[in-house]
Amino acid sequence: MPYDLIVIGSGPGGYFCAIRAAQLGMKVAVVEKDKTFGGTCLNIGCIPSKALLHASELYEESGHLFDKMGIKVGQPKVDLAAMMKFKDEGVDGNVKGVAFLFRKNKIDTFQGAGRIAAPGKVEVKTADGKTETIEAKAIVIATGSDVARLPGIDIDERRIVSSTGALVLDKVPQRLLVIGAGVIGLELGSVWRRLGSQVTVVEFLDRILPGIDNEVCRQFQRLMEKQGITFKLSSKVTAVDAADGKLKARIEPAAGGAAETLDADVVLVSVGRVPFTQGLGLEEVGVKKDNKGRVVVDGHYATSVPGIYAIGDVIAGPMLAHKAEDEGVAVAELLAGQAGHVNYDAIPNVVYTHPELAAVGLSEDDCRERGLQVRVGVFPFAANARARGMGDIEGEVKVIADAASDRVLGIHILGPHASDMIAEAALAMEFAASAEDIGRSVHAHPTLAEALKEAALATDGRPLNL
Ligand code: FAD
Ligand code: NAI
């Protein structure tokens, strides 16, 4: 019997889409080429990286902070195999959870690589070479992304690794060279630095984390340097020589000039991700892609071919799990005749280091570029009672509000638990809050969230604890 919807890919985009469509009464099939469901995020992305960030952060705290708090545990030791097992258990629980949700929502699953043979027709090729064709009124492409590679630097996932290999190293590298000061470089660089590696991050641009508020990033970089990470900005790695059992990276100034060589035990290539559409048959069926290989969609996620839709990392926009999830829900609702919608102006972005960095909306640089008149309020965690009590006072909250209307345009948080605090900021922006609205909302005391209220008041020059 034909389906109402076939979703290709079971990452956060695909599995949210399938579940929402099933909730709305559609008969749904999901095609997944990998052994487990959950895509990049659950298997080799968000979940394993956050498990290692959590474990390595506690390891570092137990070595440095516990003693100060009067907790005597002796010198902690890393059992890397056990830490990896802890991470794998977290992944396992999550991927099994997706399988459970598919069963609960009566979603049929097909294990194998999907190829769109024609609109409404998906051919599934299983690992044993068998092919089965399934049919549906609509197809959603949710095939995600893959690691971006650098010419001449071959990833073997042992010594020259992508994030996938960096999540399964079997020993702590003495020297880790990270190419790219983006989210992966900083998160996984932090993990291995905490576990004992000397970490050098080489970044092409003259700043880290492009796209995030520059002033906040400069503070963030200083904190990362204080923790022991070395940055080489405005530089590029042009080759890695892997002969003789040693890795020798050739580093050149981005603008050209004399090269230097840096020895490393492991090189992490983290220079971005690219959309994954291999084997999908898009060219044959006529689905258009842009010059970056992303599937082109309209405001309703429809591709250039009627009946074929696309969401998540495979289309334009930030490559984030929650963006993919919300697009999955939106397209399912649109297919059911509802008004599915994603507000791209209020998508939070988080770097899960310590301190965490979280942002939603415009940065000060964005506002300047758009010629917007703004008022900026900053409140440091050093003046927040809870942060003081926790001994975790680095960072600040920055609120950017429109000078005339007071509407919040952006919120940036560098500090402890910023990933949780940003939810309030995103909600405020979703409801088009003014800084005054946040400043007048009662915030429990003592909480870190009071720093957001104070930063909102600071846009009007009236923080109470500064
Ligand atoms: P994916 O999760 O990539 O899923 C696509 C799925 O489609 C895969 O399972 C793939 O096997 C399958 N597939 C592809 N082609 C076919 C085919 N032809 N047939 C059948 N199946 C197919 N984002 C965050 O928001 N927060 C984080 O903390 C975070 N951490 C990350 C850490 C790392 C190390 C990495 C690499 C990424 C991280 N991301 C994070 C990004 C996040 O993982 C992605 O944005 C998200 O997974 C995209 O979801 P998706 O559903 O579009 O695609
Ligand atoms: P990224 O796009 O965040 O950063 C890549 C960095 O590499 C940029 O700073 C870029 O300027 C630099 N770069 C590019 N080419 C270079 C070169 N030749 N030499 C030196 N530097 C170079 O990409 P990253 O870190 O690989 O992450 C990929 C995606 O995964 C991101 O889009 C991110 O959204 C997602 N992700 C999200 C996480 C989160 O939300 N916490 C965690 C990890 C990944």
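What's counted below: heavy atoms across the whole structure, side chains too, no hydrogens, waters or symmetry copies. Just follow the structure's listing: the first ligand is 1, and inside any ligand the first atom is 1.
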If I apply the N/O under 3.5 Å rule, does T40 come out as touching ligand 1? yes
Nearest heavy atom to atom 25 (O) of ligand 2, choosing from I184, V202, L209, L186, belongs to I184
What is the nearest protein non-hydrogen atom to atom 3 (O) of ligand 2, stated with its residue, atom name and distance? V183 N, 3.3 Å
Within a distance under 4.0 Å of any heavy atom of Y352, pick out the atoms of ligand 1 and give their elements. 28 (O)
Test the K121-Y3 pair against the cation-pi criterion, namely NZ or CZ under 6.0 angstrom from the six-membered ring centroid and within 45° of the ring axis. no
Protein heavy-atom partner closest to atom 28 (C) of ligand 2 - residue, atom, separation in Å: R273 CG, 3.5 Å
Quick test: of every protein heavy atom, which one is nearest to atom 35 (C) of ligand 2, and how far off is it to 0.1 Å? M319 O, 3.4 Å
Just distances here: any N/O of K50 and N/O of ligand 1 closer than 3.5 Å? yes
Do the charged groups of K130 and D128 touch, with an N to O distance under 4.0 Å? yes
Should E203 be counted as touching ligand 2, given the test is an N or O pair under 3.5 Å? yes
At a 4.0 Å threshold, what atoms of ligand 1 neighbour a non-hydrogen atom of G39? 2 (O), 4 (O), 8 (C), 9 (O)
Which protein non-hydrogen atom lies closest to atom 25 (O) of ligand 1, naming both residue and atom, and how far is it? A321 N, 2.8 Å
For atom 39 (C) of ligand 2, the protein heavy atom that lies nearest, with its residue and separation: V350 O, 3.4 Å
Note: S145, heavy atoms under 4.0 Å from ligand 2, region reported as neither
Atom pair OH/CD of Y309 and E327 - distance to nearest 0.5 Å: 15.0 Å
Between ligand 1 and S163, is the shortest N or O to N or O distance under 3.5 Å? no
Output yes when the distance from some N or O of ligand 1 to some N or O of D313 is under 3.5 Å, and no in every other case. yes
Taking atom types as modelled, is there a side-chain donor on S162 or E157 under 3.5 Å from an acceptor on the other? yes
Using a strict cut-off of 4.0 Å, indicate which atoms of ligand 1 neighbour a heavy atom of G144. 1 (P), 3 (O), 5 (C), 52 (O), 53 (O)
Look at the side chain of R193 and the backbone N and O of L195, then say whether any donor-acceptor pair between them is shorter than 3.5 Å. no
Please state which protein non-hydrogen atom is closest to atom 20 (C) of ligand 2 and give its distance, to 0.1 Å? F204 N, 3.3 Å
V237 versus ligand 2: do any nitrogen or oxygen atoms come within less than 3.5 Å of each other? no
Less than 3.5 Å between some nitrogen or oxygen of I179 and one of ligand 2, yes or no? no
Are any of the side-chain nitrogens in K398 or D213 under 4.0 Å away from the carboxylate oxygens of its partner? yes
What protein heavy atom sits nearest atom 15 (N) of ligand 1, and how far away is it? T143 CG2, 3.3 Å
Closest approach of any protein heavy atom to atom 9 (O) of ligand 1, naming residue and atom: E32 OE1, 2.6 Å
Please confirm whether G13 comes within less than 3.5 Å of ligand 1 when only nitrogen or oxygen atoms on both sides are compared. yes
Can you report which non-hydrogen protein atom sits closest to atom 17 (C) of ligand 2, along with the distance? V271 CG1, 3.9 Å
Would you say E187 and ligand 1 have an N/O pair spaced under 3.5 Å apart? no
To which of A181, G182, C41, G45 does the heavy atom nearest atom 4 (O) of ligand 2 belong? G182
G312, any N or O under 3.5 Å of ligand 1 N or O: no
the protein heavy atom lying closest to atom 7 (O) of ligand 2 turns out to be G180 CA, 3.3 Å
Do any nitrogen or oxygen atoms of M319 lie less than 3.5 angstrom from nitrogen or oxygen atoms of ligand 1? yes
At under 4.0 Å between heavy atoms, which part of P12 makes contact with ligand 1: side chain, backbone, both or neither? both
For atom 19 (N) of ligand 1, closest protein heavy-atom neighbour: G114 N, 2.8 Å
Below 3.5 angstrom, do we get any N/O pair linking I311 and ligand 1? no
Can you tell me which residue and heavy atom of the protein come closest to atom 37 (C) of ligand 1, and the distance to 0.1 Å? G45 CA, 4.0 Å
Which heavy atom of the protein is the closest neighbour of atom 26 (O) of ligand 2, given with residue, atom name and distance? G272 N, 2.9 Å
Could you tell me whether some N/O pair between I8 and ligand 1 is separated by less than 3.5 angstrom? no
Under a 4.0 angstrom heavy-atom cut-off, which atoms of ligand 1 come close to A324? 49 (O), 52 (O)
Option whose closest heavy atom lies nearest to atom 29 (C) of ligand 1, chosen from G14, A310, P48, C46: C46
